[in-house]
Amino acid sequence: MASHTDSLVLLFILLTSIFNYSLFGQITTYWGQYTNKGTLAAACGTGNYQFINIAFLNVFGNGHTASLNLAGHCDTSTPGSRSSIGTDITTCQQQGVKVLFSLGGASGSYSLTWESDAQQVAEYLWNNFLSGTSSISQPLGDAILDGIDFDIESGTGQYWDVLTKGLSTLQKLPMASNK
């Protein structure tokens, strides 16, 4: 017959196993590079993903005007054409899917040339895609993304730490999430 202590140990192991299992097996995908994948809301609606990375912001830093590459899902040069993606982001989040924004990718023109450049990119990301405020309309409407994915495949490794520290600092500001 098992002792009370043995029963508690078995219960602890069982609960730990259940808790650990719930943290694993979550699926992430990139969305935005292939029009045949359908809309962002459709990808979230499959129930297959817990995280979706919108790909890519592939032009930024080094004096470049930031630019999205969403491969035909919208005309990224026309203001307001991305509002449907903002609506899809909100739909995904209501379904429990975390939506992140992916920086970089295999092609594009991105690099951080100075610490001040990295800080400017952090402020741009915060004010336009995360919980900051912008004096102009945000590229994806009122949607607030859940985070940033770094898919840095080119350029130097310099100043990415400054960018992440800048984002972390902005995240800690009180009431920064009021748009």
Side-chain angles (χ1 to χ4, degrees), residues 13-61 65-110 121-122 124-134 136-155 160 163-164 166-168 170-171 176-179:
I13 291 171
L14 176 65
L15 290 175
T16 302
S17 297
I18 292 170
F19 177 74
N20 284 338
Y21 177 75
S22 70
L23 296 177
F24 296 102
Q26 297 185 346
I27 307 296
T28 302
T29 190
Y30 283 94
W31 177 89
Q33 290 303 292
Y34 302 101
T35 54
N36 63 349
K37 282 192 173 183
T39 66
L40 178 59
C44 293
T46 65
N48 293 335
Y49 310 110
Q50 288 75 40
F51 301 91
I52 293 187
N53 296 327
I54 297 175
F56 292 99
L57 180 70
N58 67 342
V59 176
F60 60 88
T65 300
S67 178
L68 295 167
N69 174 3
L70 297 176
H73 285 283
C74 63
D75 178 4
T76 58
S77 64
T78 303
S81 70
R82 297 166 273 196
S83 62
S84 65
I85 295 172
T87 301
D88 284 1
I89 291 168
T90 302
T91 299
C92 291
Q93 291 167 332
Q94 289 169 345
Q95 295 173 3
V97 177
K98 300 285 186 189
V99 182
L100 295 94
F101 201 61
S102 190
L103 299 181
S107 64
S109 179
Y110 57 89
V121 172
Y124 172 80
L125 292 170
W126 183 257
N127 288 327
N128 288 284
F129 301 105
L130 299 169
S131 295
T133 58
S134 177
I136 59 171
S137 64
Q138 283 81 9
L140 301 174
D142 291 334
I144 298 172
L145 295 169
D146 295 300
I148 300 290
D149 167 60
F150 288 79
D151 184 16
I152 308 306
E153 299 181 33
S154 65
W160 297 105
L163 173 60
T164 56
L167 286 169
S168 180
L170 290 166
Q171 180 183 21
S177 62
N178 292 338
K179 278 194 169 187

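Worth saying up front: this structure is predicted, and the values here are computed from it rather than measured.
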Decide yes or no for Val97 and Ile52: does some side-chain heavy atom of the first lie under 4.5 Å from some side-chain heavy atom of the second? yes
Minimum-distance pair of heavy atoms, taken over all atoms of Ala55 and Gln33: O-NE2, 2.7 Å
In terms of heavy-atom contacts, does CZ of Phe150 have more than 12 from other residues, nucleotides or ligands at under 6.0 Å? yes
Of the non-hydrogen atoms in Ile152 and Gly104, which two are nearest, and what is the gap between them? CD1-CA, 4.4 Å
Tell me, do Thr28 and Gln50 make a side-chain contact under 4.5 Å, heavy atoms counted? no
For Ala122 and Leu170, work out which heavy atoms get closest and say how close. O-CD1, 3.8 Å
Between CH2 of Trp31 and CG of Leu100, what distance do you get to the nearest 0.5 Å? 14.0 Å
Qualifying residue, where the test is side-chain hydrogen bond (donor to acceptor under 3.5 Å, both in side chains) with Ser102 and the options are Asp149, Asn58, Asn53: Asp149
Approximate separation, where rounding is to 0.5 Å, of Cys92 SG and Tyr49 OH: 11.5 Å
Name the one of Asp88, Leu68, Leu70 that satisfies side chain to side chain contact (heavy atoms under 4.5 Å, CB included) with Ile54? Leu70
Indicate yes or no: at least one non-hydrogen side-chain atom of Ser67 is less than 4.5 angstrom from one of Phe60. no
CZ on Phe51 to CG on Asp146, rounded to 0.5 Å: 9.0 Å
Would you say the side chain of Leu130 lies within less than 4.5 Å of the side chain of Leu167, judging by non-hydrogen atoms? yes
CG (Leu125) and CG (Leu163) are apart, to the nearest 0.5 Å, by 6.0 Å
Any side-chain heavy-atom pair of Ile89 and Phe101 under 4.5 Å: no
CG/Leu140 to OG1/Thr87 distance, rounded to the nearest 0.5 angstrom? 10.0 Å
Does the side chain of Tyr110 come within less than 4.5 Å of Leu103's, by heavy atoms? no
Value rounded to 0.5 Å, distance of CD in Gln95 from OG1 in Thr46: 9.0 Å
